Amino acid sequence: AMAAGLMFAKFSIPRGKITFSRNAVITQRNGKPTLMFRVANERGNQIVEANTKVVMSFASTTMEGESGRTLIDLQLQRNSSPIFVLTWTVFHTIDENSPLFGKTHEDLEKMEAAIFVSIVGIDNTSGQTIHARNSYIHSDILWNYKFLDILIKQPDGKRIINYADFHKTVQAEAAVKPPEGT
């Protein structure tokens, strides 16, 4: 009975089944350069109180000459979702307060930059906590690209998600402009 209970507990642990887009993109959004990536909930049920944390990491050297990595939290336009059902596009506006401000793809490569993402939420069915993590290194970040629209409106008015295009990107019409004075 104890072995059966342990086996059941092992298999009843909720698996995240959260998919992250293969790439993050930097594109103009509402007239401002914006870092964005997509997340999809592949579970058959909802994840409630989902929270996202995004951190930029890059190589740095202290004044004393010690090498290390610096971690800076990225401010998100929205870092939580009360009900994460299908997809979620996460946005970070690149403004004067962003560590990405004034940077180029080449700058991120020189800095050995990486973006780390974590999502934590509660499985609506079991009540257990769900965790998912992903990272985007500088070569995973596409500049002047945008995600294809995956929301399809059916003739009856219902909207469905086209997961076949979840990872697809296209060249953006408006290029990301460097800030004035740089």
Side-chain angles (χ1 to χ4, degrees), residues 18-42 47 49-60 69-121 132-154 157-182:
I18 294 176
T19 299
F20 292 85
S21 56
R22 281 192 279 276
N23 297 98
V25 299
I26 294 179
T27 191
Q28 290 290 116
R29 182 167 191 270
N30 292 327
K32 297 181 180 176
T34 304
L35 169 78
M36 59 184 80
F37 58 89
R38 281 184 175 160
V39 185
N41 176 9
E42 291 189 69
I47 299 173
E49 299 303 324
N51 289 291
T52 301
K53 184 166 181 93
V54 181
V55 175
M56 180 177 168
S57 169
F58 55 91
S60 59
R69 296 206 55 90
T70 298
L71 302 173
I72 299 177
D73 293 337
L74 297 186
Q75 183 67 38
L76 304 178
Q77 289 181 12
R78 182 172 187 86
N79 67 343
S80 64
S81 177
I83 300 175
F84 178 23
V85 180
L86 300 172
T87 68
W88 181 6
T89 302
V90 178
F91 303 102
H92 164 71
T93 303
I94 301 172
D95 58 15
E96 301 81 22
N97 300 315
S98 170
L100 294 167
F101 185 72
K103 301 289 190 275
T104 65
H105 177 74
E106 292 76 21
D107 293 334
L108 295 185
E109 186 174 4
K110 287 178 196 169
M111 297 166 59
E112 300 174 23
I115 306 290
F116 295 98
V117 181
S118 66
I119 294 182
V120 178
R133 292 177 300 280
N134 194 43
S135 62
Y136 299 100
I137 60 172
H138 57 83
S139 59
D140 296 329
I141 301 171
L142 304 177
W143 292 69
N144 298 314
Y145 277 79
K146 64 180 184 176
F147 289 108
L148 278 180
D149 189 6
I150 58 173
L151 192 61
I152 299 169
K153 187 174 182 180
Q154 295 182 313
K158 287 185 179 180
R159 296 184 188 274
I160 61 170
I161 305 294
N162 175 9
Y163 285 106
D165 291 340
F166 180 78
H167 299 285
K168 293 183 181 174
T169 59
V170 294
Q171 189 81 43
E173 298 86 32
V176 173
K177 299 172 187 157
E180 297 295 320
T182 59

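As the structure is a prediction and not an experimental result, all values here were calculated from the model.
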Where [X] and [Y] come nearest, the two heavy atoms and their spacing:
X      : Y      : value
Phe116 : Ser57  : CE1-CB, 3.5 Å
Tyr163 : Ala40  : CE2-CB, 3.9 Å
Phe166 : Phe20  : CE2-C, 3.9 Å
Asp107 : Gly102 : OD2-O, 3.8 Å
Met56  : Ala113 : CE-CB, 4.0 Å

Looking at side-chain heavy atoms only, is the closest gap between [X] and [Y] below 4.5 Å?
X      : Y      : value
Thr87  : Ile150 : yes
Ser21  : Tyr136 : yes
Val54  : Ile115 : yes
His92  : Ile94  : yes
His167 : Arg38  : no

Between [atom1] on residue [X] and [atom2] on residue [Y], distance to nearest 0.5 Å:
X      : Y      : atom1 : atom2 : result
Leu108 : Asp140 : CG    : CG    : 11.5 Å
Ser118 : Asn51  : OG    : CG    : 9.0 Å
Asn162 : Lys168 : CG    : NZ    : 7.5 Å
Leu74  : Leu100 : CG    : CG    : 6.0 Å
Glu173 : Gln28  : CD    : CD    : 11.5 Å
His138 : Thr104 : NE2   : OG1   : 12.0 Å

request  = State whether Asp73 and Lys53 are salt-bridged, where the test is any N-O pair (Lys NZ or Arg NE/NH1/NH2 against Asp/Glu carboxylate O) under 4.0 Å.
outcome  = yes
request  = Please confirm whether the backbone N or O of Ala24 pairs with a side-chain atom of Tyr145, one donor and one acceptor, at under 3.5 Å?
outcome  = no
ask   = Between Arg78 (side chain) and Thr89 (backbone), is there a donor-acceptor pair under 3.5 Å?
value = no
query = Under the 6.0 Å and 45° cation-pi test, does Arg29 pair with Phe91?
reply =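 Checked: cation-pi criterion met.
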task = Give the ring-plane orientation class for Trp88 versus Phe84, where under 30° counts as parallel, over 60° as perpendicular and anything between as tilted.
result = perpendicular
message = Angle between ring planes, Trp143 versus His105, binned at 30° and 60°: parallel, tilted or perpendicular?
response = perpendicular
ask   = Checking side-chain contact (heavy atoms from CB on, under 4.5 Å) for the pair Asn41/Leu86: CA distance, chi angles, key distance, verdict?
value = CA-CA 5 Å; Asn41 176 9; Leu86 300 172; over 6 Å; no
task = Applying side-chain contact (heavy atoms from CB on, under 4.5 Å), run through Leu76 and Val90 and close with a yes or a no.
result = CA-CA 7 Å; Leu76 304 178; Val90 178; 3.8 Å; yes
message = Around atom CZ of Arg133, are there more than 12 heavy atoms from other residues, nucleotides or ligands closer than 6.0 Å?
response = no
request  = Please report the C-alpha distance between Lys146 and Val170 in whole Å, then the side-chain angles of each, then the deciding distance to 0.1 Å, and finally whether the side-chain contact (heavy atoms from CB on, under 4.5 Å) criterion is met.
outcome  = CA-CA 6 Å; Lys146 64 180 184 176; Val170 294; 3.8 Å; yes
